[in-house]
There are 2 protein chains.
Amino acid sequence: MTKRGPYRKGETKRAEILQAALEIFAEEGYRGTSLRKVAARCGLSLPGVMHYFESKEDLLVQVLRRRDEVEKERLAELTGLGGSLDTLREGMRTPGLVELFVSLAASAGEHGHPAAEFFPRRYEELRAMLTRRVQEAMDEGQFASPIPAERLAVLLLAVADGIQLQWLSDRSLDMRTPVADVLRLLKPSDGG
Amino acid sequence: MTKRGPYRKGETKRAEILQAALEIFAEEGYRGTSLRKVAARCGLSLPGVMHYFESKEDLLVQVLRRRDEVEKERLAELTGLGGSLDTLREGMRTPGLVELFVSLAASAGEHGHPAAEFFPRRYEELRAMLTRRVQEAMDEGQFASPIPAERLAVLLLAVADGIQLQWLSDRSLDMRTPVADVLRLLKPSDGG
DNA sequence: GTCTATACTTAGATAGAC
DNA sequence: GTCTATCTAAGTATAGAC
(Lines give C-alpha, C1' and ligand atoms only; values in the text may rest on other atoms or scores of the structure.)
Protein backbone atom coordinates (compact mmCIF):
# COMPACT_ATOMS: atom_id res chain seq x y z
CA MET A 1 0.00 0.00 0.00
CA THR A 2 1.16 3.55 -0.66
CA LYS A 3 2.10 5.83 2.22
CA ARG A 4 -0.98 7.32 3.76
CA GLY A 5 -2.04 7.97 7.29
CA PRO A 6 0.08 10.60 9.03
CA TYR A 7 2.10 11.43 5.88
CA ARG A 8 0.67 13.80 3.38
CA LYS A 9 1.80 13.56 -0.16
CA GLY A 10 5.00 15.49 -0.71
CA GLU A 11 6.17 15.08 2.83
CA THR A 12 8.73 12.58 1.69
CA LYS A 13 10.09 15.03 -0.86
CA ARG A 14 10.22 17.77 1.70
CA ALA A 15 12.18 15.49 3.98
CA GLU A 16 14.53 14.69 1.14
CA ILE A 17 15.24 18.38 0.59
CA LEU A 18 15.87 18.95 4.29
CA GLN A 19 18.22 15.99 4.33
CA ALA A 20 20.15 17.35 1.36
CA ALA A 21 20.40 20.77 3.00
CA LEU A 22 21.55 19.16 6.23
CA GLU A 23 24.31 17.30 4.42
CA ILE A 24 25.53 20.29 2.48
CA PHE A 25 25.55 22.48 5.57
CA ALA A 26 27.46 19.81 7.45
CA GLU A 27 29.98 19.48 4.64
CA GLU A 28 30.56 23.06 3.57
CA GLY A 29 29.00 25.16 6.26
CA TYR A 30 25.68 26.80 5.71
CA ARG A 31 27.16 30.12 4.77
CA GLY A 32 27.96 30.49 1.17
CA THR A 33 25.52 27.71 0.43
CA SER A 34 22.80 28.89 -1.87
CA LEU A 35 19.43 27.29 -2.23
CA ARG A 36 20.26 26.63 -5.85
CA LYS A 37 23.01 24.34 -4.64
CA VAL A 38 20.61 22.49 -2.39
CA ALA A 39 18.17 22.25 -5.26
CA ALA A 40 20.85 20.81 -7.53
CA ARG A 41 21.60 18.01 -5.10
CA CYS A 42 17.93 17.04 -5.15
CA GLY A 43 17.77 17.22 -8.91
CA LEU A 44 15.37 20.12 -8.61
CA SER A 45 15.27 23.70 -9.74
CA LEU A 46 15.18 26.52 -7.23
CA PRO A 47 11.44 27.09 -7.58
CA GLY A 48 11.05 23.36 -7.19
CA VAL A 49 12.53 23.68 -3.74
CA MET A 50 10.62 26.81 -2.90
CA HIS A 51 7.42 24.97 -3.59
CA TYR A 52 7.91 23.27 -0.22
CA PHE A 53 9.13 26.21 1.82
CA GLU A 54 7.93 29.74 2.29
CA SER A 55 11.40 31.25 2.30
CA LYS A 56 15.02 30.40 2.74
CA GLU A 57 14.85 31.20 6.42
CA ASP A 58 11.89 28.90 6.71
CA LEU A 59 13.91 26.06 5.21
CA LEU A 60 16.84 26.74 7.53
CA VAL A 61 14.65 26.66 10.60
CA GLN A 62 13.02 23.46 9.47
CA VAL A 63 16.44 21.87 9.15
CA LEU A 64 16.98 22.62 12.81
CA ARG A 65 13.48 21.52 13.69
CA ARG A 66 14.09 18.17 12.04
CA ARG A 67 17.36 17.78 13.86
CA ASP A 68 15.56 18.53 17.09
CA GLU A 69 12.95 15.86 16.57
CA VAL A 70 15.63 13.23 16.25
CA GLU A 71 17.24 14.51 19.44
CA LYS A 72 14.00 14.52 21.30
CA GLU A 73 13.48 10.84 20.74
CA ARG A 74 16.84 10.12 22.25
CA LEU A 75 16.25 12.50 25.11
CA ALA A 76 13.00 10.78 25.97
CA GLU A 77 14.87 7.56 26.57
CA LEU A 78 17.31 9.09 28.99
CA THR A 79 16.68 9.95 32.59
CA GLY A 80 20.05 11.30 33.67
CA LEU A 81 20.85 14.98 33.60
CA GLY A 82 24.39 14.76 32.30
CA GLY A 83 23.33 12.50 29.50
CA SER A 84 20.53 14.89 28.57
CA LEU A 85 22.86 17.82 28.29
CA ASP A 86 25.39 15.82 26.32
CA THR A 87 22.73 14.64 23.93
CA LEU A 88 21.71 18.25 23.39
CA ARG A 89 25.00 18.81 21.68
CA GLU A 90 25.74 15.49 20.10
CA GLY A 91 23.46 16.14 17.18
CA MET A 92 25.22 19.45 16.84
CA ARG A 93 28.76 18.20 16.68
CA THR A 94 29.37 19.29 13.11
CA PRO A 95 30.54 22.89 12.81
CA GLY A 96 28.12 23.62 10.00
CA LEU A 97 25.13 22.73 12.16
CA VAL A 98 26.40 24.65 15.14
CA GLU A 99 26.91 27.65 12.89
CA LEU A 100 23.40 27.27 11.58
CA PHE A 101 22.00 26.96 15.08
CA VAL A 102 23.87 29.98 16.43
CA SER A 103 23.16 32.11 13.41
CA LEU A 104 19.45 31.43 13.50
CA ALA A 105 19.35 31.98 17.25
CA ALA A 106 20.46 35.50 16.45
CA SER A 107 17.24 35.97 14.49
CA ALA A 108 14.96 34.65 17.21
CA GLY A 109 14.02 38.18 18.24
CA GLU A 110 12.90 39.37 14.85
CA HIS A 111 9.15 39.43 14.50
CA GLY A 112 7.99 37.53 11.47
CA HIS A 113 11.15 35.50 11.25
CA PRO A 114 10.55 31.72 11.36
CA ALA A 115 13.21 31.46 14.06
CA ALA A 116 11.11 33.73 16.27
CA GLU A 117 8.54 30.98 16.46
CA PHE A 118 10.94 28.09 16.80
CA PHE A 119 13.47 29.20 19.37
CA PRO A 120 11.26 30.52 22.17
CA ARG A 121 9.24 27.33 22.08
CA ARG A 122 12.34 25.19 21.95
CA TYR A 123 13.88 26.95 24.91
CA GLU A 124 10.67 26.68 26.88
CA GLU A 125 10.52 22.95 26.34
CA LEU A 126 14.18 22.41 27.13
CA ARG A 127 13.98 24.46 30.30
CA ALA A 128 10.92 22.55 31.42
CA MET A 129 12.63 19.25 30.75
CA LEU A 130 15.80 20.28 32.52
CA THR A 131 13.87 21.69 35.44
CA ARG A 132 12.19 18.34 35.98
CA ARG A 133 15.45 16.46 35.88
CA VAL A 134 17.20 18.89 38.16
CA GLN A 135 14.33 18.60 40.61
CA GLU A 136 14.53 14.83 40.49
CA ALA A 137 18.26 14.94 41.16
CA MET A 138 17.67 17.25 44.10
CA ASP A 139 14.93 15.04 45.50
CA GLU A 140 17.27 12.11 45.30
CA GLY A 141 19.95 14.04 47.13
CA GLN A 142 22.35 14.02 44.18
CA PHE A 143 22.27 17.79 44.03
CA ALA A 144 22.08 20.34 46.78
CA SER A 145 21.58 24.04 46.31
CA PRO A 146 19.36 26.80 47.66
CA ILE A 147 18.86 27.94 44.06
CA PRO A 148 15.52 26.71 42.69
CA ALA A 149 15.49 24.11 39.95
CA GLU A 150 14.03 26.52 37.37
CA ARG A 151 16.98 28.83 37.69
CA LEU A 152 19.46 26.00 37.58
CA ALA A 153 17.83 24.85 34.37
CA VAL A 154 18.41 28.26 32.80
CA LEU A 155 21.97 28.11 34.01
CA LEU A 156 22.65 24.64 32.64
CA LEU A 157 21.17 25.53 29.29
CA ALA A 158 23.29 28.66 29.15
CA VAL A 159 26.43 26.60 29.76
CA ALA A 160 25.49 24.09 27.05
CA ASP A 161 24.82 26.88 24.54
CA GLY A 162 27.66 29.14 25.57
CA ILE A 163 30.30 26.47 25.25
CA GLN A 164 29.26 26.03 21.65
CA LEU A 165 30.07 29.65 20.93
CA GLN A 166 33.54 29.21 22.34
CA TRP A 167 33.92 25.93 20.49
CA LEU A 168 33.31 27.65 17.18
CA SER A 169 36.32 29.82 17.90
CA ASP A 170 38.45 27.00 19.27
CA ARG A 171 37.58 23.50 18.21
CA SER A 172 40.17 21.97 20.49
CA LEU A 173 37.92 22.93 23.38
CA ASP A 174 36.13 20.01 24.95
CA MET A 175 32.44 20.74 25.18
CA ARG A 176 31.64 18.16 27.81
CA THR A 177 33.95 19.47 30.49
CA PRO A 178 32.10 22.69 31.37
CA VAL A 179 28.80 20.85 31.60
CA ALA A 180 30.37 18.22 33.81
CA ASP A 181 31.92 20.98 35.90
CA VAL A 182 28.63 22.74 36.68
CA LEU A 183 27.03 19.50 37.59
CA ARG A 184 29.93 18.85 39.89
CA LEU A 185 29.44 22.21 41.53
CA LEU A 186 25.93 21.07 42.35
CA LYS A 187 27.08 17.93 44.13
CA PRO A 188 26.75 18.29 47.89
CA SER A 189 30.12 16.63 48.50
CA ASP A 190 31.97 19.39 46.73
CA GLY A 191 30.89 22.20 48.99
CA GLY A 192 33.53 24.09 50.97
CA MET B 1 46.55 72.10 15.63
CA THR B 2 45.16 69.43 13.39
CA LYS B 3 44.94 65.85 14.54
CA ARG B 4 48.25 64.13 14.02
CA GLY B 5 50.22 61.71 16.10
CA PRO B 6 48.58 58.31 16.49
CA TYR B 7 45.76 59.13 14.10
CA ARG B 8 46.30 58.66 10.43
CA LYS B 9 44.27 60.71 8.08
CA GLY B 10 40.96 59.05 7.44
CA GLU B 11 40.84 57.34 10.80
CA THR B 12 38.33 59.87 11.98
CA LYS B 13 36.12 59.15 9.00
CA ARG B 14 36.43 55.43 9.57
CA ALA B 15 35.36 55.93 13.17
CA GLU B 16 32.44 58.01 12.00
CA ILE B 17 31.25 55.19 9.75
CA LEU B 18 31.58 52.63 12.54
CA GLN B 19 29.60 54.88 14.82
CA ALA B 20 26.85 55.28 12.25
CA ALA B 21 26.73 51.51 11.74
CA LEU B 22 26.58 50.96 15.48
CA GLU B 23 23.64 53.32 15.82
CA ILE B 24 21.68 51.83 12.95
CA PHE B 25 22.26 48.29 14.19
CA ALA B 26 21.16 49.30 17.66
CA GLU B 27 18.05 50.96 16.29
CA GLU B 28 16.88 48.58 13.60
CA GLY B 29 18.89 45.44 14.12
CA TYR B 30 21.78 44.61 11.91
CA ARG B 31 19.83 42.28 9.70
CA GLY B 32 18.10 43.93 6.84
CA THR B 33 20.48 46.82 7.19
CA SER B 34 22.42 47.35 4.02
CA LEU B 35 25.71 49.13 3.75
CA ARG B 36 24.02 51.64 1.50
CA LYS B 37 21.89 52.62 4.46
CA VAL B 38 24.96 53.06 6.61
CA ALA B 39 26.56 55.04 3.83
CA ALA B 40 23.55 57.30 3.54
CA ARG B 41 23.75 58.23 7.21
CA CYS B 42 27.33 59.31 6.69
CA GLY B 43 26.48 61.26 3.57
CA LEU B 44 28.52 58.81 1.55
CA SER B 45 27.90 56.37 -1.26
CA LEU B 46 28.47 52.66 -0.93
CA PRO B 47 31.93 52.75 -2.55
CA GLY B 48 32.72 55.65 -0.28
CA VAL B 49 32.22 53.35 2.67
CA MET B 50 33.94 50.43 1.04
CA HIS B 51 37.00 52.54 0.66
CA TYR B 52 37.59 52.10 4.39
CA PHE B 53 36.68 48.46 4.74
CA GLU B 54 37.64 45.37 2.83
CA SER B 55 34.17 43.88 2.97
CA LYS B 56 30.90 44.10 4.78
CA GLU B 57 31.96 41.37 7.18
CA ASP B 58 35.10 43.34 7.90
CA LEU B 59 33.03 46.36 8.83
CA LEU B 60 30.75 44.31 11.05
CA VAL B 61 33.65 42.80 12.94
CA GLN B 62 35.21 46.21 13.40
CA VAL B 63 31.98 47.45 14.93
CA LEU B 64 32.33 44.71 17.55
CA ARG B 65 36.01 45.42 17.94
CA ARG B 66 35.30 49.04 18.65
CA ARG B 67 32.64 48.12 21.16
CA ASP B 68 35.11 45.82 22.86
CA GLU B 69 37.72 48.50 23.25
CA VAL B 70 35.29 50.64 25.17
CA GLU B 71 34.42 47.68 27.37
CA LYS B 72 38.02 46.88 28.03
CA GLU B 73 38.66 50.26 29.51
CA ARG B 74 35.84 49.74 31.95
CA LEU B 75 36.95 46.22 32.74
CA ALA B 76 40.43 47.40 33.56
CA GLU B 77 39.02 49.59 36.31
CA LEU B 78 37.14 46.76 37.98
CA THR B 79 38.62 44.11 40.19
CA GLY B 80 35.52 42.10 41.15
CA LEU B 81 34.47 39.04 39.22
CA GLY B 82 30.75 39.66 39.24
CA GLY B 83 31.25 43.18 38.03
CA SER B 84 33.49 41.97 35.24
CA LEU B 85 30.94 39.52 33.97
CA ASP B 86 28.17 42.07 34.19
CA THR B 87 30.22 44.58 32.26
CA LEU B 88 30.77 42.01 29.57
CA ARG B 89 27.13 42.25 28.75
CA GLU B 90 26.28 45.80 29.55
CA GLY B 91 27.72 47.07 26.32
CA MET B 92 25.63 44.43 24.63
CA ARG B 93 22.30 45.25 26.12
CA THR B 94 20.69 46.34 22.86
CA PRO B 95 19.20 43.46 20.90
CA GLY B 96 20.76 44.64 17.67
CA LEU B 97 24.25 44.39 19.09
CA VAL B 98 23.66 41.03 20.70
CA GLU B 99 22.34 39.78 17.38
CA LEU B 100 25.41 41.10 15.65
CA PHE B 101 27.67 39.49 18.22
CA VAL B 102 25.98 36.11 18.07
CA SER B 103 25.71 36.11 14.32
CA LEU B 104 29.37 36.90 13.82
CA ALA B 105 30.39 34.36 16.44
CA ALA B 106 28.81 31.81 14.13
CA SER B 107 31.37 32.77 11.48
CA ALA B 108 34.36 32.53 13.77
CA GLY B 109 35.24 29.12 12.39
CA GLU B 110 35.36 30.11 8.74
CA HIS B 111 38.84 30.54 7.45
CA GLY B 112 39.33 33.87 5.81
CA HIS B 113 36.41 35.44 7.62
CA PRO B 114 37.35 38.53 9.64
CA ALA B 115 35.53 37.03 12.62
CA ALA B 116 37.92 34.08 12.55
CA GLU B 117 40.66 36.44 13.57
CA PHE B 118 38.69 38.44 16.08
CA PHE B 119 36.81 35.89 18.14
CA PRO B 120 39.55 33.41 19.03
CA ARG B 121 41.72 36.25 20.24
CA ARG B 122 38.87 37.83 22.12
CA TYR B 123 38.02 34.61 23.87
CA GLU B 124 41.63 33.97 24.74
CA GLU B 125 41.93 37.37 26.38
CA LEU B 126 38.66 37.07 28.24
CA ARG B 127 39.46 33.62 29.55
CA ALA B 128 42.87 34.82 30.71
CA MET B 129 41.33 37.78 32.47
CA LEU B 130 38.62 35.68 34.09
CA THR B 131 41.11 33.02 35.12
CA ARG B 132 43.14 35.62 36.99
CA ARG B 133 40.11 36.96 38.79
CA VAL B 134 38.80 33.54 39.69
CA GLN B 135 42.22 32.63 41.05
CA GLU B 136 42.28 35.80 43.10
CA ALA B 137 38.87 35.03 44.51
CA MET B 138 39.99 31.53 45.40
CA ASP B 139 43.14 32.77 47.04
CA GLU B 140 41.07 35.13 49.12
CA GLY B 141 38.80 32.30 50.16
CA GLN B 142 35.74 33.76 48.46
CA PHE B 143 35.50 30.74 46.20
CA ALA B 144 36.18 27.11 46.88
CA SER B 145 36.24 24.37 44.31
CA PRO B 146 38.51 21.53 43.27
CA ILE B 147 37.99 22.64 39.68
CA PRO B 148 40.95 24.68 38.43
CA ALA B 149 40.52 28.38 37.71
CA GLU B 150 41.07 27.97 33.95
CA ARG B 151 38.14 25.63 33.66
CA LEU B 152 35.93 27.82 35.80
CA ALA B 153 36.78 30.71 33.51
CA VAL B 154 35.55 28.74 30.50
CA LEU B 155 32.44 27.90 32.45
CA LEU B 156 31.72 31.47 33.49
CA LEU B 157 32.22 32.74 29.98
CA ALA B 158 29.88 30.08 28.65
CA VAL B 159 27.19 31.18 31.08
CA ALA B 160 27.59 34.83 30.13
CA ASP B 161 27.38 34.02 26.42
CA GLY B 162 24.73 31.35 26.67
CA ILE B 163 22.33 33.49 28.59
CA GLN B 164 22.43 35.97 25.74
CA LEU B 165 21.18 33.33 23.35
CA GLN B 166 18.24 32.64 25.61
CA TRP B 167 17.67 36.34 26.08
CA LEU B 168 17.26 36.84 22.34
CA SER B 169 14.37 34.39 22.47
CA ASP B 170 12.88 35.76 25.66
CA ARG B 171 13.73 39.32 26.58
CA SER B 172 11.95 39.07 29.89
CA LEU B 173 14.78 36.84 31.06
CA ASP B 174 17.13 38.52 33.48
CA MET B 175 20.70 38.08 32.30
CA ARG B 176 22.34 38.78 35.64
CA THR B 177 20.68 36.00 37.59
CA PRO B 178 22.43 33.02 36.00
CA VAL B 179 25.81 34.68 36.36
CA ALA B 180 25.07 35.46 39.98
CA ASP B 181 23.90 31.89 40.47
CA VAL B 182 27.11 30.26 39.26
CA LEU B 183 29.15 32.57 41.41
CA ARG B 184 26.98 31.57 44.32
CA LEU B 185 27.62 27.92 43.60
CA LEU B 186 31.29 28.67 43.98
CA LYS B 187 30.88 30.16 47.42
CA PRO B 188 32.10 27.80 50.12
CA SER B 189 29.14 28.55 52.38
CA ASP B 190 26.71 27.09 49.88
CA GLY B 191 28.14 23.63 49.84
CA GLY B 192 25.99 20.76 50.99
C1' DG C 1 -0.11 19.15 -6.36
C1' DT C 2 4.61 19.22 -8.55
C1' DC C 3 7.83 21.45 -11.06
C1' DT C 4 10.43 24.44 -14.84
C1' DA C 5 11.59 28.69 -17.01
C1' DT C 6 11.98 33.36 -16.68
C1' DA C 7 12.22 37.69 -14.81
C1' DC C 8 12.56 40.95 -10.80
C1' DT C 9 14.97 43.04 -6.85
C1' DT C 10 18.35 43.83 -3.67
C1' DA C 11 22.99 43.89 -1.98
C1' DG C 12 27.82 43.44 -1.96
C1' DA C 13 31.81 44.09 -4.86
C1' DT C 14 34.65 46.33 -8.49
C1' DA C 15 36.46 49.60 -12.34
C1' DG C 16 37.54 53.72 -13.57
C1' DA C 17 36.69 58.89 -13.78
C1' DC C 18 37.17 63.16 -11.09
C1' DG D 1 39.00 60.14 -1.20
C1' DT D 2 34.81 59.88 -3.37
C1' DC D 3 31.47 59.15 -6.99
C1' DT D 4 28.92 56.96 -11.16
C1' DA D 5 28.15 52.96 -13.41
C1' DT D 6 28.27 48.19 -13.74
C1' DC D 7 28.66 43.33 -12.51
C1' DT D 8 27.36 39.20 -10.13
C1' DA D 9 25.06 36.27 -6.96
C1' DA D 10 21.15 35.15 -4.40
C1' DG D 11 16.47 35.24 -2.74
C1' DT D 12 11.92 36.07 -4.43
C1' DA D 13 7.72 36.24 -7.44
C1' DT D 14 5.04 34.98 -11.48
C1' DA D 15 3.31 32.18 -15.43
C1' DG D 16 2.32 28.21 -16.89
C1' DA D 17 3.34 23.01 -18.27
C1' DC D 18 2.21 18.48 -16.56
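Within every chain, numbering begins at 1; the chains are lettered A, B, ... in the order of the sequence lines, protein sequences first and strands thereafter. It should be emphasised that the depicted structure is a prediction, and the values quoted were computed from it without experimental measurement. Below, each value reflects all heavy atoms present in this structure, side chains not excepted, and no hydrogens, waters or symmetry copies.
Atom pair B:L46:CG and C:dA11:P shows a separation of 10 Å (rounding to whole Å applied). The nearest whole Å value for the distance from the NE2 atom in B:H51 to the C1' atom in C:dA13 is 15 Å. Look at NE2 on B:H113: it is 13 Å from C1' on C:dG12, rounded to the nearest Å. Rounded to an integer number of Å, the gap from NZ of A:K56 to C1' of C:dT9 is 16 Å. Here C:dA11 presents its C1' atom at 17 Å from CZ of B:F53, a figure rounded to the nearest Å. One atom, CZ of B:R36, and another, C1' of C:dT10, lie 8 Å apart when rounded to the nearest Å.
Seen from the ring of A:F53, A:R14 counts as a face-on cation partner, given the 6.0 Å and 45° thresholds.
In terms of position on DNA chain C, the residue among B:E57 and A:G48 whose nearest nucleotide sits closer to the 5' end is A:G48.
Contact of the A:S84 side chain with the A:L75 side chain is registered, since non-hydrogen atoms from C-beta on lie closer than 4.5 Å. At least one side-chain heavy atom of A:D58 sits under 4.5 Å from a side-chain heavy atom of A:P114.
Where DNA chain D meets chain A (any atom under 4.0 Å from a heavy atom), the bounding nucleotides read 5' to 3' are D:dA10 to D:dA13.
Within 6.0 Å of the CZ atom in B:R121, the count of heavy atoms belonging to other residues, nucleotides or ligands does not exceed 12. Crowding of B:E27 atom CD: a count of heavy atoms from other residues, nucleotides or ligands under 6.0 Å exceeding 12.
Across all strands, B:L44 comes closer than 4.0 Å only to sugar-phosphate atoms, never to a base (heavy-atom distances). Counting any heavy atom pair closer than 4.0 Å across all strands shown, A:G32 reaches no nucleic acid atom. Within 4.0 Å of A:S45, counting heavy atoms only, lies at least one base atom of the nucleic acid.
Here C:dA15 is the nucleotide among C:dA15, C:dA11, C:dA7 with the atom lying nearest to any side-chain atom of B:P47.
A:R132 pairs by the side-chain contact (heavy atoms from CB on, under 4.5 Å) definition with A:A128, A:M129, not counting sequence neighbours.
Close placement of the B:F119 and B:F101 rings is indicated, their centers lying within 6.0 Å of each other.
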